Amino acid sequence: MPSFYVTTPIYYVNGEPHLGHAYTTIAADVVARFQRLDGYDVRFLTGTDEHGQKVQQSATAAGITPIEFTDQVAAKFRAMADAVGATYDDFIRTTEPRHTEALKKFWTLLADKGALYSGAYKGWYSVRDEAFYGEDELTLRDDGSRVAPSGNPVEWVEEPSWFFKLSEYGDRLLAHYDAHPEFIQPQSRRNEVVSFVKQGLKDLSVSRTTFDWGIKVPNDEGHVVYVWLDALFNYVSALGWPPEEGGLYDKYWPADLHLVGKEIVRFHAIYWPAFLMAAGMPLPKRVFGHGWWTVEGQKMSKSLGNAIEPLALVETYGLDQLRYALLREVPFGNDGDFSKQSVVHRINSDLANGLGNLAQRVLSLVAKNCDGKVPVPGELTDADQLLLNAADTIVPQARTAMGDLAFGKLLEGVWSVIGQADQYIDHQAPWALRKTDPARMATVLAVLVQTLRPIAIVLQAFMPGSMARLLDQLGVPSDRRDFAHAGPKHAVPPGTSLPAPHGLFPRIELEKA
RNA sequence: GGCACCGUAGCUCAGCGGUAGAGCAGGGGAAUCAUAAUCCCUUGGUCGGGGGUUCAAAUCCCUCCGGUGCUACCA
């Protein structure tokens, strides 16, 4: 069985989970479920990034130890992943021994390969901005002092640091991007990364001495490892590393897909492959940087207090509805706006009025007029065949769209078949055939039942709960719900008794959202 | 400032050399199996402005205007 390894970033625990985190996790989960349905042996990893100065400060501010603090927040991220229905196989925390021990070995490997050296980090630092600035970014005042673009004072700081020889990897990275155009997606992010690397790379400071909440550098314990080196390695440490014979690493590395927000593409597309090159390890196959959500047209921010809690969204809209709306509304990779109005509209028109209504009208006609059994089809007309053919293209087209992580396009394709089915049922009018030609009515309903099946099978990746219910109502056995069983050969046999139909997606009133 | 991308119907976007498209919204009609959901018909754009290449340009080139992203570190 071919394997497929997909990851979310490990989320930084210096804040509560919000819509952005939920979005990445949901997208990764849809990929994971889809690949499983398509016969892959999937590994889906998520987790939390728990080291660094900000976490240490937040813990201090809360009056607890860093590990107490991260225990609390990590639990919230795990609860978020569960709440959005994520079927992760593993949840890694960078404070776990399996990670810290592996990372120390990785550091030692990098050192042995000559990729690290000891030096001093120097620069103009603004305590208030918590940031270093380049000479050219500063303004020289009349009194000889320098200030940052923010207007805050800066001071010259020198501290001992370990460096990674990032500068040696520019050409190799560019060659890799060139040989593997799909390595960074979407295209716009790829362009940015390429131009960044072309500007020339400086060596990267990979240790810190000014705080101690981190993984100690082997043989130099006054340093802790730079959080990005620490964090990125989770993708490997979670597989068990150094590898054991027949272990997870052998099976799943290199990763097929690192799903990340656009703000951290650089770390995943430059630093991470450079680290791996230095260690002589294979590179992940793809890094996809998705866009950001605004809320009702405004940027999510702490100061505005408009960050949305994923749990509240699930409560308001329903889990499957939320998952659908997020992935349908905006092309993956683009930024989007999350507004009550558009989400409610999307859910009502696509789910309640579209798929839900189609399923309900078909299944209730079957229940009332076919004795609640899958109808026996007669000879097929051109119109019947046309719809069945369309249904048959759903899985292959979905597979193509998923290859590009084009969730929106994938769903659009499925909905175009739903639209065709709506046209078909109106033109055929089985409710009229009931009296004039019952055999023809049975054929029409049989065609519709067969059309709904692949629709439900593919959509399981997006809306697992409701599609399981739909497949129950369609009489599809639970071991026949993968893509291998989506074709017409595996249609539910005529005469199979079906359960009483129930509505799938209630309409949502805007005022209640 | 440099580099990249974008500007197409009221809205969100597709098309990227061969007589302007989709979804939603708006208008009119049909049907009543269905969560008043559905179906049919329809209004609507000099494809940001200007110039050029071409038999032919949203589609290629130049330029201007407007917008967005990136331009490295203590996440």
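Every chain is numbered from 1 and lettered A, B, ... according to where its sequence line falls, protein lines coming before strand lines. Keep in mind that what you see is a predicted model, and the values were worked out from it rather than measured.
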Item to check | Exam field: side chain A:H180 to backbone A:E182, donor-acceptor pair closer than 3.5 Å | outcome: no
Next on the checklist: Does A:Y121 reach a base, just sugar-phosphate, or nothing at all? Heavy atoms under 4.0 Å.
Outcome noted: base
Scan nucleotides 11-15 of chain B against the protein and return all N/O pairs shorter than 3.5 Å with their distances rounded to 0.1 Å.
none

Item to check | Donor-acceptor under 3.5 Å (A:Q72 side chain, A:F69 main chain) | outcome: no
Next on the checklist: Tell me if the side-chain of A:Y226 makes a donor-acceptor pair with the base of B:rC74, cut-off 3.5 Å, by modelled atom types.
Outcome noted: no
Next on the checklist: Any side-chain to backbone donor/acceptor pair from A:H21 onto A:F77? Under 3.5 Å, distance only.
Outcome noted: no
Checklist outcome for this item: Judged by nearest nucleotide, the residue sitting upstream toward the 5' end of RNA chain B, A:Y12 or A:K262, is A:K262
Checklist entry - Salt bridge check: are A:D71 and A:K76 linked by an N-O gap of less than 4.0 Å? => result no
Next on the checklist: Measuring only the C1' atom in each nucleotide, how far is B:rA9 from B:rA14? A whole number of Å is fine.
Outcome noted: 13 Å
Checklist outcome for this item: Separation between CZ (A:R453) and CD1 (A:I394), nearest 0.5 Å, reads 10.5 Å
Item to check | Partners passing ring-ring contact (aromatic ring centres under 6.0 Å, His included) against A:H502 (at least two apart in sequence or in another chain) | outcome: none
Checklist entry - What is the ring orientation for A:Y271 with A:F267, classed by angle as parallel under 30°, tilted 30 to 60°, or perpendicular over 60°? => result perpendicular
Next on the checklist: Closest approach to the side chain of A:Q360, judged atom by atom: which nucleotide of B:rA34, B:rC33, B:rA75 is it?
Outcome noted: B:rA34
Donor-acceptor contacts, no H, no angles, side chain residues 327-338 of chain A, under 3.5 Å, sequence neighbours left out:
unit_1: A:R328; atom_1: NH1; unit_2: A:Y324; atom_2: OH; d: 3.3
unit_1: A:R328; atom_1: NH1; unit_2: A:D350; atom_2: OD2; d: 3.4
unit_1: A:D335; atom_1: OD1; unit_2: A:K262; atom_2: NZ; d: 3.0
unit_1: A:D335; atom_1: OD1; unit_2: A:W292; atom_2: N; d: 2.8
unit_1: A:D335; atom_1: OD2; unit_2: A:K262; atom_2: NZ; d: 2.8
unit_1: A:D337; atom_1: OD1; unit_2: A:T294; atom_2: OG1; d: 2.7
unit_1: A:D337; atom_1: OD1; unit_2: A:E296; atom_2: N; d: 3.2
unit_1: A:D337; atom_1: OD1; unit_2: A:G297; atom_2: N; d: 2.6
unit_1: A:D337; atom_1: OD2; unit_2: A:G297; atom_2: N; d: 3.3

Next on the checklist: Would B:rA36 be called syn or anti here, given the cut-off of 90° from 0?
Outcome noted: anti
Next on the checklist: Please report the distance separating the P of B:rC70 from the corresponding atom of B:rC55, rounded so that it comes out in whole Å.
Outcome noted: 44 Å
Checklist entry - Between B:rA34, B:rG69, B:rU35, which nucleotide has the shortest distance from any of its atoms to the side chain of A:L504? => result B:rU35
Item to check | Side-chain N,O (A:R266) to OP1/OP2 (B:rU71) below 4.0 Å | outcome: yes
Return a table of donor-acceptor pairs under 3.5 angstrom between the side chains of residues 225-234 of chain A and protein atoms on other chains or two or more places apart.
unit_1: A:D230; atom_1: OD1; unit_2: A:H99; atom_2: NE2; d: 2.7
unit_1: A:D230; atom_1: OD2; unit_2: A:H51; atom_2: ND1; d: 2.6
unit_1: A:N234; atom_1: ND2; unit_2: A:A231; atom_2: O; d: 2.8

Item to check | Secondary-structure stems for RNA chain B, with pairs counted as Watson-Crick or G-U when both distances are under 3.5 Å and runs at least 3 long | outcome: B:1-7 with B:65-71, B:10-13 with B:21-24, B:26-30 with B:38-42, B:48-52 with B:60-64
Next on the checklist: Is it the case that over 12 heavy atoms from other parts of the model lie below 6.0 angstrom from the NZ atom of A:K373?
Outcome noted: no
Next on the checklist: What does the B/S/- profile of nucleotides 4-9 of chain B look like, 5' to 3', with a 4.0 Å heavy-atom cutoff to protein?
Outcome noted: S-----
Item to check | Gap between atoms OH and P, on A:Y271 and B:rA75 respectively (whole Å) | outcome: 13 Å
Item to check | RNA chain B contacts among residues 193-206 of chain A, heavy-atom distance under 4.0 Å | outcome: A:F196, A:Q199, A:G200, A:L201, A:K202, A:L204, A:S205
Checklist entry - Looking for any heavy atom pair under 4.0 Å, which part of the strands does A:H345 touch: base, sugar-phosphate only, or nothing? => result sugar-phosphate
Next on the checklist: With rounding to the closest Å, how many angstrom separate the P atoms on B:rU54 and B:rU59?
Outcome noted: 16 Å
Checklist entry - Roughly, in whole Å, what's the span from CD in A:E159 to P in B:rC74? => result 12 Å
Next on the checklist: Taking the P atom in each of B:rA75 and B:rU68, what is the distance between them to the nearest angstrom?
Outcome noted: 28 Å
Checklist entry - Aromatic rings A:F183 and A:H176: how do their planes relate, parallel, tilted or perpendicular, breaks at 30° and 60°? => result perpendicular
Item to check | Under 3.5 Å donor-acceptor, A:D320 side chain and A:G465 backbone | outcome: yes
Checklist entry - If you look at every strand shown and take non-hydrogen atoms under 4.0 Å, does A:Q420 touch a base, only sugar-phosphate, or nothing? => result nothing
Checklist entry - Is it the case that A:R266 places NZ or CZ above or below the six-membered ring of A:F196, under 6.0 angstrom from the centre and within 45 degrees of the axis? => result yes
Next on the checklist: Between P on B:rC16 and CD on A:Q187, what's the gap in Å once rounded to a whole number?
Outcome noted: 15 Å
Checklist entry - Given the C1' atoms of B:rG7 and B:rG49, what is the spacing between them in whole Å? => result 12 Å
Next on the checklist: Expressed as a whole number of angstroms, how long is the span from A:L365:CG to B:rA31:C1'?
Outcome noted: 14 Å
Item to check | Reading 5' to 3' through nucleotides 37-44 of chain B, protein heavy-atom contacts under 4.0 Å coded B for base, S for sugar-phosphate only, - for none | outcome: BBSS----
Checklist entry - Counting distance only, does the side-chain N/O of A:T451 pair as donor-acceptor with the main-chain N or O of A:L388 below 3.5 Å? => result no
Checklist entry - Within 45° of the six-membered ring axis of A:F462 and under 6.0 Å from that ring's centre, is NZ or CZ of A:R323 located there? => result no
Checklist entry - Given atom OH of A:Y169 and atom C1' of B:rA72, what is their separation to the nearest angstrom? => result 18 Å
Checklist entry - Just wondering, do A:L45 and A:T8 contact through their side chains at under 4.5 Å, heavy atoms? => result no
Checklist outcome for this item: side chain to side chain donor-acceptor pair (under 3.5 Å) filter on A:Q423, not counting sequence neighbours, yields none
Checklist entry - How far, in whole Å, is B:rA57 from B:rA20 if one measures between their C1' atoms? => result 13 Å
Item to check | Residues that A:P186 engages under side-chain contact (heavy atoms from CB on, under 4.5 Å), provided they are two or more places apart | outcome: A:S188, A:R189, A:F288
Checklist entry - How would you label the contact of A:I264 with the nucleic acid (heavy atoms, under 4.0 Å): base, sugar-phosphate, or nothing? => result nothing
Next on the checklist: Suppose you measure atom C1' in B:rG2 against the same atom in B:rG48; what distance do you get, rounded to whole Å?
Outcome noted: 24 Å
In residues 199-211 of chain A, what donor-acceptor pairs under 3.5 Å come from side-chain atoms, sequence neighbours left out?
unit_1: A:D203; atom_1: OD1; unit_2: A:L166; atom_2: N; d: 3.3
unit_1: A:D203; atom_1: OD1; unit_2: A:S167; atom_2: N; d: 3.0
unit_1: A:D203; atom_1: OD1; unit_2: A:S167; atom_2: OG; d: 2.6
unit_1: A:D203; atom_1: OD2; unit_2: A:Y117; atom_2: OH; d: 2.6
unit_1: A:S205; atom_1: OG; unit_2: A:S161; atom_2: OG; d: 2.8
unit_1: A:S205; atom_1: OG; unit_2: A:R208; atom_2: NH1; d: 3.0
unit_1: A:S207; atom_1: OG; unit_2: A:W162; atom_2: N; d: 2.8
unit_1: A:S207; atom_1: OG; unit_2: A:H223; atom_2: ND1; d: 2.7
unit_1: A:R208; atom_1: NH1; unit_2: A:S205; atom_2: O; d: 3.4
unit_1: A:T209; atom_1: OG1; unit_2: A:E159; atom_2: OE2; d: 3.4

Checklist entry - Which residues within residues 430-444 of chain A lie with some heavy atom under 4.0 Å of an atom in RNA chain B? => result A:W431
Item to check | A:R93 bridged to A:E50 by N-O distance under 4.0 Å | outcome: yes
Checklist entry - Expressed in whole Å, how much space separates the P atoms belonging to B:rC6 and B:rC62? => result 14 Å
Checklist entry - Charged N to carboxylate O below 4.0 Å: is that the case for A:K198 and A:D171? => result no
